[in-house]
Every structure is written in structure tokens, then in C-alpha cells.
Amino acid sequence: QVQLVESGGGLVHPGGSLRLSCAASGSDFRSYVMGWYRQAPGKEQELVATITSRMNANYGEPVEGRFTISRDNDKNTVYLQMDNLEPEDTAVYYCKVRRLYSDTAYWGKGTLVTVSS
């Protein structure tokens, strides 16, 4: 069974940084796209970033230039480095993985990021 465990969320002041981690287990994730999505209260879920096993990354416009996604294929782990955080970044951040050419996705339980002064 595929399991995703997120960590690294918390409270940070505007302009600060956080690093999220998502440890995946239950499969060989070299054939999976891995990424992060977020949802704030009253808003639609939105793309944060995705990355392939060949390290091709894609970012959502709101975080472009401030966040960096990376992955370690040996550890089956995907990371999200968040810099210059803004109050608008406050949301629950979810880890997502999807096998290539598949419509089936797996989701983590989420980790809360709160940006407030």
C-alpha cells in the first residue's frame, strides 16, 4: 500500500522560511510524479509544485520564485523549501504522488502552514 507522511509545517512570521518533507512508502516511486498542493480556508485547492523523477519541476504562479521543490529518489522523499513566506501562503499543504500514465493519485493527510505576525 502507498503511504505518504508529511512533516515540517508550523507557524512562521512573514518573510520567514519553512521546509516541508513527504516520505513515501509502498512502491518504487521512480515512475511517479511527486508534488505539493495546498488549500486555504474558503479557497479552492491549488497547485504548489510538481517534480518528475528526472527532476523536471513545475510551479504554480503564486509561489513561483519563492518556493523550490526537490526529491531524493533513493529515499522516496519529496521536499518543498518555502522562502519569503507571505500571509497568503497560509494553508494546509498536501503531498501528492501519481504514477505516469495513471489517473490514480495518492494523497497525504496534510501539514498546516501558518504565516502570521
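A quick note: this is a predicted structure, and the numbers were derived from the prediction, not measured.
Counting only distance, with no hydrogens or angles, the side chain of S27 and the backbone of F29 share no donor-acceptor pair below 3.5 Å. Between the side chain of Q39 and the main chain of E44, no donor-acceptor pair closer than 3.5 Å is present. Not one N or O on the side chain of T111 forms a donor-acceptor pair closer than 3.5 Å with the backbone of S7. Without hydrogens or angle criteria, S53 side chain to R30 main chain gives a donor-acceptor distance under 3.5 Å.
Relative to the six-membered ring of Y79, R19 meets both conditions, a distance below 6.0 Å and an angle of at most 45° to the axis.
Heavy atoms only, all atoms of each residue included: G9 and L20 are closest at N-CD2, 3.6 Å. The two residues P14 and S117 have their closest heavy-atom pair at CD-N, 3.7 Å. N76 and M34 make their closest contact through O-CE, 4.1 Å (heavy atoms, listed as atom of the first residue, atom of the second, distance). Nearest heavy atoms, Y94 versus K109: CE2-O, 3.5 Å. The heavy-atom pair separating L4 from C22 by the smallest distance is CB-SG, 4.0 Å.
With hydrophobic clusters built from ILVMFWY side chains whose heavy atoms lie under 4.5 angstrom apart, L85 shares a cluster with V63. The same ILVMFWY cluster, assembled from side-chain heavy atoms under 4.5 Å apart, contains both W107 and L47. No continuous path of ILVMFWY side-chain contacts below 4.5 Å connects V92 to V97, so the two sit in separate hydrophobic clusters. Cluster membership for I51 and Y59, using ILVMFWY side-chain heavy atoms within less than 4.5 angstrom, is shared.
Note that CD of Q81 is 8.5 Å distant from OG of S70, once rounded to the nearest 0.5 Å. Taken from OG1 in T50 to CG in N58, the straight-line distance is 4.5 Å, to the nearest 0.5 Å.
Between R98 and D103 there is no salt bridge, since no side-chain nitrogen of the basic residue lies less than 4.0 Å from a carboxylate oxygen of the acidic one. With salt bridges taken as basic N to acidic carboxylate O contacts below 4.0 Å, one links E46 and R38.
S17 and D83 form a side-chain donor-acceptor contact under 3.5 Å, judged by distance and modelled atom types alone. Side-chain contact of E86 with N84: a donor-acceptor pair under 3.5 Å is absent, judged by distance alone. For the 3.5 Å distance criterion, the side chains of R99 and Y32 fail to qualify, holding no donor opposite an acceptor.
In this pair, F67 and Y93 present their aromatic rings tilted. The plane angle is within the 30 to 60° band.
Two residues are said to be in side-chain contact when any heavy atoms from C-beta on lie closer than 4.5 Å; I69 and V78 meet this criterion. Between M82 and R66, the closest side-chain pair of non-hydrogen atoms is not below 4.5 Å.
If you run side chain to side chain contact (heavy atoms under 4.5 Å, CB included) between L80 and each of V48, T68, V113, L18, only V48 comes through.
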